[in-house]
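Have a look at the structure below, then the notes.
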2 protein chains.
Amino acid sequence: MQLIMTCINLRKPPCSLKVGPDKMVNTLNNEPDFKQVLRDAGLRVTPQRASVITILSETDDHPNVEELYEKVRKLDDTISVATVYRTLSVLENVGLVRKLVLNDAPARYEMMPPTNHDHLVDLESGELVEIPGTDIADVMNRVASELGYEIVSHHTVIRARKR
Amino acid sequence: MQLIMTCINLRKPPCSLKVGPDKMVNTLNNEPDFKQVLRDAGLRVTPQRASVITILSETDDHPNVEELYEKVRKLDDTISVATVYRTLSVLENVGLVRKLVLNDAPARYEMMPPTNHDHLVDLESGELVEIPGTDIADVMNRVASELGYEIVSHHTVIRARKR
DNA sequence: CCTGTTAATGCGAATTATTCGCAAATGTCA
DNA sequence: TGACATTTGCGAATAATTCGCATTAACAGG
Ligand SMILES: [Mn+2]
Ligand SMILES: [Mn+2]
Ligand SMILES: [Zn+2]
Ligand SMILES: [Zn+2]
C-alpha cells in the first residue's frame, strides 16, 4: 500500500511544514544550524549530509529512502544509497530527523518537526495524515468528531532513557 | 538490540497479562472465543491457528516470529514459519492479535490486550515496558514523575478509516 | 596552505525479515 | 461421506537495510 502524505485540516491555517513565513525562515536557518549540531556531536559536515538535509527540509511529505535518494541525486549525482541510509541514521541520532516506522512499508523520514505532531494512516487510501498536538485522548476525540474517521487502532511507542 | 518485556509498576497490582484470577479466566475463555471470531470472518479454524493463539495467550511478553515459532513447534512440530507469519497476519486482521512494529527489529506480537496499553522502549537496556492507559500527556507525566524516565521521543500511529 | 589522521563514502555483496508460488492436505458444509 | 475452496508446507524469491573494504575527503594542527 502506498502512503501519501496530506495535511490535516482540523483548523486553518493548515499545519503544512512549508506554509507560513516563520517556517520559511526556519528552513533557511536550517543550514548553519545542522552544521553546528553535527560538529557538536563530533561528526563531520559532508556535502552528502548537507544534500540530504536540504532535500528533506524542502519537502513537505514523508519520503522513504528510495524517494529521497532520487531527489538527492539531483543535487549530488554521485551519492550512493548506502550513504543516504547512513546519513539518515546519523541525523536521527543527533535529533535532526525523525524516522517513521509504519507497518509493512519501508521507513519514512521527516525533519524533526518544530511543531509536535503524530500521524494517522488512512486504511483505505493509505494517506498519511499529520495530526497536530500531543494528547492522544484529545486527538481521538478530534479525529472522531471533526474529521470523519473511525479509529481502528492506535499504538504509541515512547523511546526513553532512565533519568 | 534485544527487547525484553517487563511490567511497569506504576501501581499495584501489576498489569501483567498473566497476573490476576480474572485474566486466567480470560485466557481460558480465549479458546471458544477465537473460533467464533474466525468463523464470523468466514475463515477456518485450523490446528495451526489454534496453536499460535494458545502460545501467544500463554505468554506475557511480546515474542517475535522466531520466538513464537520455537514455542509453537512444541505444540505442533510440523508447522512452518510461513504459516506462523500467515496466521499472525490473519489474527491481526480479525482483531485478535496486535503487531508491534518497532525500530530496526523484527515485529513483535501480543494478544489484543483486554486492557489498553502502550509501550515504552528503554533505550539503554532495550526493555519493552508496558504502559497502562491511553492518554499520552498523562503517560508522559507519569513516566517522568513516577518512573525515572526521560522521554527522548514518542510517536503515535493511529490506524483509522473514514466513517 | 600542506599534511596526517580518521571519519565518511561508494560500491557491491551479504543479510534477513517477510512474502510468494504451487502442489498437497484439510476444514467445512451439504 | 464427498466436493471444493481454503490453508498449509516447502523452498525459492523479494526487498529493505546493513556490511566490508578500498578509496576519498574533512578538518585540526603545524
Ligand atoms: Mn516509494
Ligand atoms: Mn529473538
Ligand atoms: Zn509528519
Ligand atoms: Zn503489550
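The sequence lines fix the lettering, A, B, ..., with proteins before strands; numbering per chain opens at 1. Just the heavy atoms: all of them, side chains too, but no hydrogens, waters or symmetry mates, feed the values below.
Two end axes, each from the C1' atoms of five base pairs, can be drawn for the helix from dC1(C)-dG30(D) to dA30(C)-dT1(D); they diverge by 40°, to 10 degrees.
Residue pairs meeting the salt bridge (charged side-chain N to carboxylate O under 4.0 Å, His left out) criterion with at least one partner in residues 87-98 of chain A, sequence neighbours excluded, are Arg98(A)-Glu110(A).
Separating the OH atom of Tyr109(A) from the P atom of dA16(D) is a distance of 12 Å, rounded to the nearest angstrom. Taking atom CD of Gln36(B) as the reference point, atom C1' of dT28(C) lies 14 Å away to the nearest angstrom. Taking atom CG on Leu68(B) and atom P on dT18(C), their separation rounds to 12 Å, with Å as the unit. Taking atom NZ of Lys99(A) as the reference point, atom P of dT17(D) lies 6 Å away to the nearest angstrom. For the pair Asp104(A) CG and dT18(C) C1', the computed distance is 9 Å after rounding to whole Å. In this entry the distance linking CD of Glu67(A) with P of dA15(D) reads 16 Å, nearest Å. Distance Tyr69(A) OH to dG10(C) C1': 10 Å, rounded to the nearest Å. Going from atom CG of Asn64(B) over to atom P of dT16(C) covers 13 Å, rounded to whole Å.
Asp122(B) has a carboxylate O that lies under 4.0 Å from a charged side-chain N of Lys162(A), or vice versa, which qualifies the two as a salt bridge. The pair Arg108(A)-Glu67(A) meets the salt-bridge criterion, with a side-chain N (NZ, NE, NH1 or NH2) lying under 4.0 Å from an Asp/Glu carboxylate O. A salt bridge does not link Asp76(B) to Lys71(B): none of the charged nitrogens lies less than 4.0 Å from a carboxylate oxygen.
Heavy-atom distances under 4.0 Å link DNA chain C to Leu43(A), Arg44(A), Thr46(A), Gln48(A) of residues 39-48 of chain A, given in residue order. Listed by residue number, Ala82(B), Tyr85(B), Arg86(B) are the residues of residues 71-89 of chain B with a heavy-atom contact under 4.0 Å to DNA chain C.
The backbone N or O of Arg73(A) sits nowhere less than 3.5 Å from a side-chain atom of Asp77(A) that would complete a donor-acceptor pair.
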Inset, instruction - Go through the steps to decide whether Leu88(A) and Lys99(A) satisfy the test side chain to side chain contact (heavy atoms under 4.5 Å, CB included), and finish with yes or no. - result: CA-CA 8 Å; Leu88(A) 289 169; Lys99(A) 179 180 185 179; over 6 Å; no
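A distance of 8.5 Å separates OG of Ser57(A) from CZ of Phe34(A), quoted to the nearest 0.5 Å.
A search for side-chain hydrogen bond (donor to acceptor under 3.5 Å, both in side chains) contacts involving Tyr109(A) returns nothing, not counting sequence neighbours. Residues satisfying the side-chain hydrogen bond (donor to acceptor under 3.5 Å, both in side chains) test with Arg49(B), not counting sequence neighbours, are none.
A side-chain donor from one of Arg86(A) and Thr83(A) sits under 3.5 Å from a side-chain acceptor of the other.
Taking 4.5 Å as the limit, every side-chain heavy atom of Glu58(A) sits out of range of all side-chain heavy atoms of Ile53(A).
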